[in-house]
Asker: 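First, the structure itself, so that you have it in front of you.
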Amino acid sequence: MPAYITTPIYYVNDRPHIGHAYTTTVCDVWARAMRLRGEDVFFLTGTDEHGVKVEKSAATKGVTPQALADENAAEFQRVLKVFGLTNDDFIRTTEPRHEKQVQYFVKRLLDAGSVYLGTFEGWYDEGQEEYYTETRAKELDYKSPISGRPLTRATEQNYYFKLSSFQKRLEDFFAANPDFVQPAARRNEVLGRLRDGLQDVPVTRTNFTWGIPFPGDEKHVIYVWIDALFNYITALGLGEPGGLLATQRAKYWPAAYHVIGKEILWFHAVIWPALLMALELPMPRRIHAHSFWIADGQKMSKSMGNFVDLPTIEGYFAKYGLDAWRWYMATQGPLQASDSDFRAQHFHETYTSELVNVVGNCPSRVTAMISKYFEGKMPADSQAGGEWPAKCAAAVAQWSAAIDELDLVGAAQAAMSLLREVDAFIHRTEPFKLAKDPARTGELCSILAQCAETVRIAGVMLEPFLPEKMAELRIALGQGDAPAATMAERTTWGRIAAGTQLVKCALFPRVEV
RNA sequence: GCCGAUGUAGCUCAGGUGGUUAGAGCGAGGGAUUCAUAAACCCUAGGUCGGCGGUUCGACUCCGCCCAUCGGCACCA
């Protein structure tokens, strides 16, 4: 079954930081989990490269907007590699394939009467070439915040999208699809605003040129946000029906899961569906709007200089490893409605208590005992797994149900609790004592074989989170490095044949503060 | 200002329909043990459940007010 996972496309005026890393990592874990289940996943990310900010930054630097975009897009792409992210494509809004299709879609909106030419009137700051809303203008006492000169009342012709005409259809859609926007708190915000009524929104501007020209009226430039939203379908070639891209990728629409930050919820939950309705395209499956990381209890901001930036992140890679970073992002992050605090100490504690003491230590003690008592040869289990096959099956089911809901914490817990049970089992049955009594070797064999099998299955479930370390675990358990089997096969009981050579492993070294 | 939330042990959070000693994980302190990465295991936390008032035989759980924090309020990518 096809599944299409997207991140927002990142604005090239920014440098990569924890926000980008977080969203992309969450999507990556999700994509890997779905692929593990055998689903046909297409995972997309990219960069948003148009708009007045890029135009201005480029001018300041004395380069062309395209040169600036090229440089920063390359940086984002480089970072994806460093993070080991498995996106299937990287779309840039300045690519011809995207621009052509956006013009096609906008033309269709125009032809369908969903886009029309209207007049915009507002408070204009001539120095900044910016409009302010009535409330903002009032706050500024109708003076430019930069130059102090009075704002002028200006009008401008713009193309508008008839968002207002989709009110009823959107309400019906939300009523029929209660899970469309996640988490529920975010959905409620959207519903609340929807009740206030919708106004038409401009889709073009004329005060800058760094954008996609409006088809048929080229002094207008398509507004960045609409340009950006379309990336989700231009990457699939939907704006070029019958084209090569569409032949290969059209199957991924509408199986789309848009993972976004809460700041862009309105665009994705309301405007994007309305645009799709206007284009008579089916709705995506889900919009998941996560919250933000804060730093040591305070909002991260560039001016405060407390942004967790790329060098900081790379420091964590060096100290704890890439998988540990992924684990922290996926299990401690703000996937739900409230923000999460990023603290070095919390990172360290999570690493030690979960990865070192459980995910690392449990396989370590199991493989150590098998090494010591059986020269590393997987012992034979005369009890056919005892209660463990059923426990593992239940954990896998729980894992899978959690993955369906993008509940990464739940999925991780399903695997973790299995490992904790193995620890408890060892504590209860005391194989290290049985090993001293030759009469009880049969019992010892069964216990250790059951532990090793359970560890192997838990390891499969942890692969999307900890791809590098779980590959090491597979090798330690004699399972080779590149598993070709499906997840269903790999989580069935008894794949480590008796006699298989196992190796003692220590996956997560303790890190001193 | 308007709309919507949240406020429970050091930290992160659970606590349908009100009822004996308010829970978990992590951290911290102690203990016992050794297969293991001084790990797993056992015990310990005495938190006026934001504040005030009300309803009730009885409220963390219902109502009102107040305080604090957070989110949304559309052209911002």
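Labels below follow one simple rule: chain letters A, B, ... track the order of the sequence lines, proteins then strands, and each chain is numbered from 1.
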Asker: Tell me: CG of A:D227 to P of B:rC76, nearest whole Å?
Answerer: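 Rounded to the whole Å, the gap is 17 Å.
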
Asker: Would you mind classifying the nucleic acid contact of A:Q199 as base, sugar-phosphate or nothing, using non-hydrogen atoms under 4.0 angstrom?
Answerer: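 If one applies the 4.0 Å heavy-atom cut-off, A:Q199 turns out to touch a base.
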
Asker: Base, sugar-phosphate, or nothing for A:P431, non-hydrogen atoms under 4.0 angstrom?
Answerer: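 No contact.
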
Asker: A:Y159 vs A:F214 aromatic rings, parallel, tilted or perpendicular, using cut-offs 30° and 60°?
Answerer: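 Parallel.
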
Asker: With rounding to whole Å, what would you report as the distance between B:rG30 and B:rG46 at their P atoms?
Answerer: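 Each nucleotide's P atom is 15 Å from the other's.
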
Asker: Once each nucleotide of nucleotides 38-45 of chain B is scored for protein heavy atoms under 4.0 Å, what B/S/- sequence comes out, 5' to 3'?
Answerer: -SSS----

Asker: Sort by first number and list every stem of RNA chain B: at least 3 consecutive Watson-Crick or G-U wobble pairs, both distances under 3.5 Å.
Answerer: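 Result, WC/G-U stems under 3.5 Å: B:1-7 with B:67-73, B:10-13 with B:23-26, B:28-31 with B:41-44, B:50-54 with B:62-66.
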
Asker: Looking only at side-chain atoms of A:K504, point me to the closest of B:rC73, B:rA36, B:rC75.
Answerer: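 Looking only at heavy atoms from C-beta outward on A:K504, the closest nucleotide is B:rA36.
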
Asker: What's A:Y373 touching, base or sugar-phosphate or nothing? Going by heavy atoms closer than 4.0 Å.
Answerer: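 Sugar-phosphate contact only - A:Y373 comes under 4.0 Å of backbone atoms but never of a base.
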
Asker: Any chance the rings of A:Y351 and A:Y316 have centres within less than 6.0 Å?
Answerer: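 Distance test on ring centres: not under 6.0 Å, no.
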
Asker: Assign the ring pair A:Y10 / A:F76 to parallel, tilted or perpendicular, where the plane angle (0 to 90°) is split at 30° and 60°.
Answerer: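 It falls in the parallel class, under 30°.
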
Asker: B:rC65 and B:rA28: how far apart are their P atoms, nearest whole angstrom?
Answerer: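 Each nucleotide's P atom is 44 Å from the other's.
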
Asker: Is A:G360 touching bases, backbone alone, or none of the nucleic acid, heavy atoms closer than 4.0 Å?
Answerer: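 Base, at least one base atom sits under 4.0 Å.
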
Asker: As a quick check of understanding, evaluate ring pair (Phe, Tyr, Trp, His ring centres under 6.0 Å) for A:F166 and A:F161, giving each step before the final call.
Answerer: CA-CA 10 Å; A:F166 292 91; A:F161 173 56; 5.6 Å; yes

Asker: What are the atom names and distances for every N/O pair under 3.5 Å that joins the protein to nucleotides 9-11 of chain B?
Answerer:
residue : atom : partner : partner atom : Å
B:rC11  : O2'  : A:R343  : NH2          : 3.2

Asker: Answer yes when A:D14 and A:K53 have at least one side-chain N-carboxylate O distance shorter than 4.0 Å, and no when they do not.
Answerer: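 Salt bridge: no.
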
Asker: Hey, does A:A506 reach any base, or is it just sugar-phosphate, or nothing, if we go heavy atoms under 4.0 Å?
Answerer: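 Counting heavy atoms under 4.0 Å across all strands, the contact made by A:A506 includes a base.
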
Asker: Measure from the side-chain heavy atoms of A:S338 and tell me the nearest of B:rC75, B:rC35, B:rC13.
Answerer: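 Between B:rC75, B:rC35, B:rC13, the one nearest the side chain of A:S338 would be B:rC13.
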
Asker: Mind calculating the distance between CD (A:E354) and P (B:rG27) to the nearest angstrom?
Answerer: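 Going from CD in A:E354 over to P in B:rG27 covers 10 Å.
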
Asker: Looking for any heavy atom pair under 4.0 Å, which part of the strands does A:G261 touch: base, sugar-phosphate only, or nothing?
Answerer: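 It contacts nothing in the nucleic acid.
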
